[in-house]
Amino acid sequence: DVQLVESGGGSVQAGGSLRLSCGASAYTHCMGWFRQAPGKEREGVARIDNSGVTRYADSLEGRFTISKDNSKNTMYLQMNSLKPEDTAMYYCAAARYGCTWYMQSDYPYWGQGTQVTVS
């Protein structure tokens with residue numbers, strides 16, 4: 001199994017920035033970020049594979065950037081111009097093979113989540 005550990009969440013004012021990190025215990029070809037706001041279903045945010053190909057949810061309007069350090073098996077999510085509606089628990093997910101940015105079933109491995117609160 002692959003263990004995933006997220007970090008970097010916190011509270012920030014609207015317009016601010018946060019950087020989330022997700023470390024994987026083993027090789028993963030594809031990693032993604034999902035989020036779940038209170039009372040809502042979990043939704044895809046972005047994904048990246050080991051070739052550096054990225055995909056994002058259209059709703060992000062270019063405010064978020066996903067990146068990955070393959071040498072460290074670590075993925076990042078730089079979040080800028082944060083809005084209150086970005087408030088959610090953010091989850092890191094990983095797959096050994098291909099994955100989409102929106103299909104949760106693509107990912108067999110999940111982290112525990114890190115809370116992001118924008119006020």
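For the residue pair A94 and P108, the shortest heavy atom distance occurs at O-CD, 3.3 Å. The minimum heavy-atom distance between A95 and G98, with the atom names listed, is CB-O, 4.1 Å.
Between the D49 side chain and the C30 main chain, no donor and acceptor come within less than 3.5 Å of each other. With hydrogens and angles ignored, the 3.5 Å screen pairs a side-chain donor or acceptor of T100 with a backbone N or O of M103. Looking only at distances, a side-chain donor or acceptor of R63 sits under 3.5 Å from a matching main-chain atom of S81. Side chain of T87 to backbone of T117: no donor-acceptor contact under 3.5 angstrom is found. At distances below 3.5 Å, not a single donor-acceptor pair connects side-chain atoms of R47 with backbone N or O atoms of W33.
Annotation: cation-pi geometry not satisfied between R35 and Y91 (NZ/CZ under 6.0 angstrom from ring centroid, within 45° of ring axis).
Under the side-chain contact (heavy atoms from CB on, under 4.5 Å) rule, V45 has a single partner from L60, L20, I66, which is L60.
Residue M31 holds its CE atom at 9.5 Å from SG of C99, rounded to the nearest 0.5 Å. Of the inter-residue distances, the one linking M75 atom CE with T28 atom OG1 reads 8.0 Å to the nearest 0.5 angstrom.
V116 has its side chain out of reach of M89: every pair of non-hydrogen atoms, C-beta onward, lies at least 4.5 Å apart. The closest side-chain heavy-atom distance from V2 to Y27 is not below 4.5 Å. Inter-residue side-chain proximity for N50 and K68 is flagged as met; some heavy-atom pair is nearer than 4.5 Å. In this structure the side chain of D58 never reaches within 4.5 angstrom of the side chain of W101, judged on heavy atoms. Using a 4.5 Å heavy-atom cutoff, the side chains of S67 and Q78 are not in contact.
V12 and L77 fall within a single hydrophobic cluster, where Ile, Leu, Val, Met, Phe, Trp and Tyr side chains are chained together by heavy-atom contacts under 4.5 Å.
Between F34 and Y107, the ring planes lie perpendicular to each other; the angle is over 60°, past the 30° to 60° tilted range.
No side-chain donor from either of D106 and Y97 sits under 3.5 Å from a side-chain acceptor of the other.
Scanning for side chain to side chain contact (heavy atoms under 4.5 Å, CB included) contacts around T74 gives K72, Y76, with sequence neighbours left out. Under the rule for a ring pair (Phe, Tyr, Trp, His ring centres under 6.0 Å), Y90 has no partner lying at least two apart in sequence or in another chain.
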Exercise. Using the salt bridge (charged side-chain N to carboxylate O under 4.0 Å, His left out) rule, take E61 and K83 through it: C-alpha gap first, then chi angles, then the decisive distance, then the call.
Key: CA-CA 12 Å; E61 301 172 324; K83 304 176 180 180; 3.0 Å; yes
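Annotation: side chain to side chain donor-acceptor pair (under 3.5 Å) contacts involving residues 1-25, sequence neighbours excluded, comprise S17-N80.
Counted within 6.0 Å of CZ on R55, heavy atoms from surrounding residues, nucleotides or ligands total 12 or fewer; the atom is thus considered open.
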